[in-house]
Amino acid sequence: IIDALNDNIPIYAAVSTEGVNRQVNGNLIHAGKGLTKIGPLNDKAKEKINFEKCMSALTHSGLDTKASETIWHALWEKLAINCAINPFTAILDCPNGEIKHSTLFKETWPLLRVELTEMLNVAGINISIEELETLIFKVIHNTQNNISSMLQDVRTKRKTEIEDINGFAAEYLEDKHLKNGVNKKLYQRNKGTQKAFVFYKIQLLQLIFLKLHITVEVNELQLYKNQTLHAIVELLLFSLTDIRPSHKAYILYFHLTIFY
């Protein structure tokens, strides 16, 4: 994003501990008050007048904000926290606080904490294994009743952020020639769950087509590998010319409510 935008455009990043839960009907519930750290990502954003405007706009909205000149530090720490909590909640289907009591976490954490510490150190964040563990266990305790965003996605059959969390961590560590086995396994295990949901959605689409008396041959594996779900629906919508308008509307509604 930074490279793609003009240098004259101020770019900021934020890390927030505000708690939000998305209900099945799409409504958002404010689950807990938190702190939002905001910091500049380029030189234009560091200019005092621009930074003050950004902070004023977000603080005026009611958020509890804090200016941070080292926002990258907060972003990397947030990534490590997400890597340590979210995949376990998604696999175990439990609130944050319950993962520490699971056999999976107890067996995985000793090696995972090493990988996450090395990731942060290479990224320029000076933190020890013990300090990282203290930080993450504190977050687990403070958010023990929270349902992670990844588990919310799993429960509502939406695409999770596992690619950008443990998937990114595994790739980053591999690029730096560091061990990444635990992050890769967590990524693959959660990705397997995601793949199952893809097949589930395709099967639902096939059932709708069957109800509409439309015959469609679907190679589920090829669809999963070679096309996005959006492209699948667009292909089926516009290549089948014998679908009546009412049927198209029905399928489009299905596309919007189930695929996203």
Side-chain angles (χ1 to χ4, degrees), residues 1-23 26-86 96 116-128 131-143 146-150 152-153 158-173 175-176 178 183 230 260:
I1 295 175
I2 298 173
D3 294 337
L5 293 177
N6 191 300
D7 291 339
N8 291 322
I9 300 175
I11 306 172
Y12 299 91
V15 176
S16 181
T17 57
E18 294 282 343
V20 178
N21 290 332
R22 184 190 296 272
Q23 296 182 317
N27 290 341
L28 298 178
I29 303 298
H30 191 194
K33 187 71 176 175
L35 176 67
T36 300
K37 295 181 180 179
I38 305 166
L41 292 181
N42 63 355
D43 291 336
K44 193 67 176 179
K46 293 178 182 178
E47 294 178 7
K48 185 176 180 180
I49 186 170
N50 290 328
F51 202 176
E52 287 180 349
K53 284 182 179 179
C54 176
M55 293 298 300
S56 176
L58 291 174
T59 303
H60 180 71
S61 69
L63 289 174
D64 185 8
T65 60
K66 179 181 179 181
S68 174
E69 296 291 345
T70 56
I71 195 64
W72 280 111
H73 188 289
L75 290 169
W76 279 104
E77 276 194 354
K78 177 66 172 177
L79 173 63
I81 291 168
N82 286 344
C83 285
I85 299 175
N86 289 20
N96 294 356
L116 296 178
T117 301
E118 290 185 340
M119 177 185 73
L120 294 180
N121 290 165
V122 172
I125 312 301
N126 186 21
I127 190 171
S128 68
E131 288 170 334
L132 178 65
E133 179 170 284
T134 299
L135 171 65
I136 289 173
F137 283 10
K138 181 180 179 180
V139 172
I140 292 175
H141 175 74
N142 291 343
T143 63
N146 289 13
I147 303 299
S148 74
S149 58
M150 189 176 293
Q152 290 183 54
D153 288 337
R158 293 192 301 264
K159 182 178 180 181
T160 71
E161 296 177 318
I162 192 65
E163 294 265 6
D164 301 318
I165 300 178
N166 298 87
F168 173 84
E171 186 175 339
Y172 183 81
L173 287 165
D175 288 344
K176 302 299 181 181
L178 296 169
N183 276 287
H230 180 83
Y260 288 101

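In this structure a side-chain-to-backbone donor-acceptor pair under 3.5 Å is present from Thr59 to Met55. Glu161 contributes no side-chain N or O that, together with a main-chain N or O of Met150, makes up a donor-acceptor pair within less than 3.5 Å. Thr17 contributes a side-chain N or O that, together with a main-chain N or O of Leu35, makes up a donor-acceptor pair within less than 3.5 Å.
Annotation: the span from Thr117 atom OG1 to Ile125 atom CD1 amounts to 12.0 Å, rounded to 0.5 Å. The CD1 atom of Ile81 lies 13.5 Å from the OG atom of Ser148; values are rounded to the nearest 0.5 Å. Separation of atoms CG (Leu63) and OG1 (Thr65) is listed at 7.0 Å; rounding is to 0.5 Å. Considering CD1 of Ile11 and SG of Cys54, their distance stands at 12.0 Å, rounded to 0.5 Å. In this structure, the separation between SG on Cys83 and CG on Asn166 is 4.5 Å, given to the nearest 0.5 Å. Taking CG of Leu79 as the reference point, atom CG of Asp164 lies at 9.5 Å (rounded to 0.5 Å).
Results of the side chain to side chain contact (heavy atoms under 4.5 Å, CB included) test with Asn96 over Asn146, Ile147, Asn142 single out Asn146 as the only residue that passes.
Between Tyr12 and Asn50, the closest side-chain pair of non-hydrogen atoms falls below 4.5 Å. Here the side chains of Glu77 and Val15 are not in contact, with every heavy-atom distance at 4.5 Å or above. Residues Ile71 and Lys37 have side chains in contact (heavy-atom distance under 4.5 Å, counting atoms from C-beta outward). Side-chain contact between Asn183 and Leu116: present, with at least one pair of heavy atoms (C-beta onward) separated by less than 4.5 Å.
The minimum heavy-atom distance between Phe51 and Ala45, with the atom names listed, is CB-O, 3.7 Å. The two atoms that bring Asn42 and Ile9 nearest to each other are ND2-O, 2.8 Å, heavy atoms only. When every heavy atom of Ala13 is checked against every heavy atom of Leu75, the shortest pair comes out as CB-CD1, 3.9 Å. Here the closest non-hydrogen pair linking Pro40 and Glu69 is CG-OE1, 4.0 Å. When all heavy atoms are compared, the tightest approach of Thr36 to Ala14 is CG2-CB, 4.0 Å. The heavy-atom pair separating Glu131 from Asn126 by the smallest distance is OE1-O, 4.4 Å.
Taking a 6.0 Å sphere around CD of Glu118, one finds it holds more than 12 heavy atoms contributed by other residues, nucleotides or ligands. The number of heavy atoms from other shown groups lying within 6.0 Å of CG (Asp175) is above 12.
Residues satisfying the ring pair (Phe, Tyr, Trp, His ring centres under 6.0 Å) test with Phe137, not counting sequence neighbours, are Trp109.
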